[in-house]
Amino acid sequence: MKLDLIPLAEQPREVQDATRARYEPMKSIVPEVEWDLYAPYVAAINELKKQRNAIVLAHNYQTAEIFHGVADLSGDSLALARMAVDTDADVIVLAGVHFMAETAKLLNPDKTVLIPDLAAGCSLADSITGADVRLLRERYPDTPVVTYVNTSAEVKAESDICCTSSNAVEVVESLGVDRVIFLPDEFLGTWVAKQTGVDVILWKGHCVVHERFTPEEIRRFRAAYDGIEVLAHPECPPEVLAEADYVGSTSGMSRYVAETRPAKVLMVTECSMADNVAVENPGVEMVRPCNICPYMNTITLPKILDSLQTMTHEVTIDPAVAGRARRAVERMLEVGRGTGG
Ligand code: 13P
Ligand code: SF4
């Protein structure tokens with residue numbers, strides 16, 4: 001099915017109204033001239049979703065026109081996994097990165113899961129293979145393997161349990177052991193070790209967005225913005241986390257701002273996230289050190305539309321790994337809801 005884009009003004013009144021309503025929350029960050037370019041895509045995607053019984057799940061790092069314009073549900077990696085379990089839709093379009101789409105597919109083997117661009121990878125997922133995990137298991141027998149969801153299904157299949165940044169502490173504590181192999185994010189693993197007192201065997205995987213922050217940079221922001229509160233994602237280096245007032249997942253940071261309403265906030269994470277939090281918290285001054293995730297940013301409105309029109313790119317998982325990978329993700333979901341961290 002290939003649709004022509006119809007200018008918004010030529011669309012039925014109810015489509016124009018529904019599309020305009022999507023713009024209202026993001027008015028403060030998306031100028032009207034820019035919105036005029038997005039609106040026909042937003043209208044077409046939202047109409048096509050109805051025809052396909054599809055939903056768009058968007059990660060917190062998606063840009064405003066996606067996050068507010070076409071997402072049905074949004075959240076951090078843990079929330080997206082839970083939403084994927086709960087949906088009645090036949091088609092899930094994952095506006096995020098590939099490992100998130102793969103997790104949705106693992107939990108919904110009978111649904112169609114689409115990722116609008118196959119280049120939406122992740123430096124952490126790229127840092128480790130299933131063969132690496134097997135070698136670590138040989139070297140440290142009887143040590144449970146806790147794997148961050150930012151990995152391929154092949155790596156999850158070699159793991160005992162998965163975690164996200166939101167529930168990593170809870171997952172490690174749930175095992176009741178003194179030592180775990182924690183893969184692949186060295187910095188998240190170091191942070192979890194500090195919170196839990198559990199010894200961690202680490203891998204040298206890093207996030208290309210968060211590894212770039214430095215403590216000097218944070219101190220410069222503190223000096224320039226009197227009274228600013230610093231919120232950091234646990235994928236940042238330990239020296240950066242030591243400078244933060246709050247460390248948590250992307251949803252944890254959003255919740256922190258909504259609940260404490262600080263006057264000024266420095267978001268030490270991907271910069272689109274600060275736009276989305278700003279929209280929901282008028283009156284809070286957001287300072288955004290603009291580190292962009294090149295993978296998240298491959299997803300655009302034209303690609304989401306194309307994905308729904310052509311039903312590409314459909315995520316498939318080798319049946320030889322899917323069962324074992326699913327078990328590691330489901331075991332994580334059984335641990336309970338995230339700590340909010
Ligand atoms: P969250 O689970 O905190 O949303 O993190 C996902 C991610 O990719 C952060 O870089
Ligand atoms: Fe991966 Fe980092 Fe991008 Fe998140 S921000 S998807 S961890 S590269």
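All ligand and atom numbering here is 1-based and tracks the order in the structure. Every value quoted in this text rests on a predicted model; they were computed, and no experiment measured them.
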So does Phe99 get a backbone contact from the side chain of Thr103, meaning a donor-acceptor N/O pair under 3.5 Å? yes

Considering non-hydrogen atoms of the protein only, which is the closest contact for [atom], and what is the distance?
atom                    : result
atom 5 (O) of ligand 1  : His233 NE2, 3.3 Å
atom 10 (O) of ligand 1 : Glu235 OE1, 2.9 Å
atom 1 (Fe) of ligand 2 : Cys122 SG, 2.4 Å
atom 8 (O) of ligand 1  : Asn150 ND2, 3.4 Å
atom 4 (Fe) of ligand 2 : Tyr61 CE1, 4.1 Å
atom 6 (C) of ligand 1  : Ser77 OG, 3.3 Å

Any idea which atoms of ligand 2 are less than 4.0 Å away from a heavy-atom of [X]?
X      : result
Asn150 : 7 (S)
Tyr295 : 8 (S)
Glu235 : 2 (Fe), 7 (S)
Ser123 : 8 (S)
Leu124 : 7 (S)

Evaluate the side-chain proximity of Arg212 to His206: yes if any heavy-atom separation is below 4.5 Å, no if none is. no

Glu158 side chain near Val145 side chain, heavy-atom distance below 4.5 Å: no

Using a 4.0 Å cut-off to any heavy atom of Asp76, which atoms of ligand 1 qualify? 1 (P), 2 (O), 4 (O)

For [X] and [Y], which I'm curious about, is there any donor-acceptor pair between the side chains at under 3.5 Å?
X      : Y      : result
Glu229 : Tyr256 : yes
Ser307 : His313 : no
Ser159 : Thr147 : yes
Asp132 : Thr129 : yes
Asp275 : Thr63  : no

Please determine if atom 1 (Fe) of ligand 2 has an N/O/S atom from Cys207 lying under 2.8 Å away. no

Do any nitrogen or oxygen atoms of Ser249 come within less than 3.5 Å of a nitrogen or oxygen of ligand 1? no

Indicate yes or no: does Asp76 engage Arg255 in a salt bridge with an N to O separation below 4.0 Å. no

Under 4.0 angstrom from ligand 1, any heavy atom of Thr164? no

Is the shortest distance from a heavy atom of His210 to ligand 1 less than 4.0 Å? yes

Can you say whether the rings of Tyr38 and Trp35 are parallel (under 30°), tilted (30 to 60°) or perpendicular (over 60°)? perpendicular

Taking atom OH of Tyr148 and atom CG of Leu183, what is their separation to the nearest 0.5 Å? 13.0 Å

Contact check, Glu270 vs ligand 2, heavy-atom distance below 4.0 Å: no

Between Cys293 and atom 2 (Fe) of ligand 2, is there a contact where an N/O/S atom of the residue lies under 2.8 Å from the metal? no

